[in-house]
Amino acid sequence: MPDHETVRRMMDAASRDLQAVSNMLDAERFSDEIFGLHAQQAVEKSLKAWLAWHDQAVPRTHNLRLLLVMLIQAGEEMTQEWALIDLTAFAVQFRYESCESEYAPMDRNAILKQVDLLFHRVQSIVDNTTEAIDSPPPREAP
């Protein structure tokens, strides 16, 4: 049975980070480190919500690779999401130092699209589960 409270909390938090990222497309106004941190957080929280939906323990980690492996072990297909694992560095290494020497400028639109797709994939799963739980059973025909 999914941990609905954790799912809801994580998805609410992921939504706030996704909103922040969508407003940070201007590299002149927001550094890559700040954009990357919020993109990473939106991914991390979406993946943790998905794990909670599977009734899996949600680890205290920023490691996106670990979260993806756990979802694969829970039976999920995670092919597209592997492109997001490089964002892990923004929650750990680049939270306190510059990433200028490590990376080329980020393709913010592409990252936003990937993060948005993941968030909405998880949201769709969560919504379908909630509807099934909240909906009354179908009436039998007379």
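Index from 1, following the sequence. Not measured: the values here are computed from a predicted model.
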Nearest-0.5 Å distance, [atom1] of residue [X] to [atom2] of residue [Y]:
X	Y	atom1	atom2	result
Leu47	Met78	CG	CE	5.5 Å
Met106	Ile111	CE	CD1	3.5 Å
Met24	Leu37	CE	CG	8.0 Å
Asp107	Leu25	CG	CG	10.0 Å
Leu71	Leu66	CG	CG	9.5 Å
Ser46	Met10	OG	CE	10.5 Å

#### Entry: Closest contact, heavy atoms only, Val115 versus Ala42
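Smallest heavy-atom distance, with atoms named: CG1-CB, 3.6 Å.
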### Query
Considering all heavy atoms of both residues, which atom of Ala74 and which atom of His54 are nearest to each other, and what is their separation?
O-CE1, 3.6 Å
### Query
Is a side-chain donor or acceptor of Thr88 paired with a backbone partner of Asn63 at a separation under 3.5 angstrom?
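Here the side-chain-to-backbone pair does not exist.
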### Query
Tell me the salt bridge (charged side-chain N to carboxylate O under 4.0 Å, His left out) pairs involving residues 112-122, sequence neighbours left out?
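Checked against salt bridge (charged side-chain N to carboxylate O under 4.0 Å, His left out) - neighbours excluded - the pairs reaching residues 112-122 are Glu81-Arg121.
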### Message
Considering only residues two or more places apart or on different chains, which pairs with a residue in residues 51-72 satisfy salt bridge (charged side-chain N to carboxylate O under 4.0 Å, His left out)?
### Response
none
### Message
Assess the residue pair Leu87 and Leu64 against the criterion (side chain to side chain contact (heavy atoms under 4.5 Å, CB included)); give the C-alpha distance rounded to whole Å, side-chain angles, the decisive distance to 0.1 Å, and a yes or no.
### Response
CA-CA 8 Å; Leu87 291 173; Leu64 300 179; 4.0 Å; yes
### Query
Checking side chain to side chain contact (heavy atoms under 4.5 Å, CB included) against Trp50, which of Leu68, Ile125, Val7 comes through?
Ile125
Residues that [X] engages under side-chain hydrogen bond (donor to acceptor under 3.5 Å, both in side chains), provided they are two or more places apart:
X	answer
Thr6	Asp3, Arg9
Gln80	none
Gln40	Glu44

### Message
Show me the pairs that pass side chain to side chain donor-acceptor pair (under 3.5 Å) and involve residues 11-26, at least two apart or across chains.
### Response
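For residues 11-26: Arg8-Asp12, Asp17-His38, Asp17-Lys45.
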### Message
Membership question, hydrophobic clusters at under 4.5 Å side-chain separation (ILVMFWY): are Phe119 and Leu117 in the same one?
### Response
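In one cluster: no.
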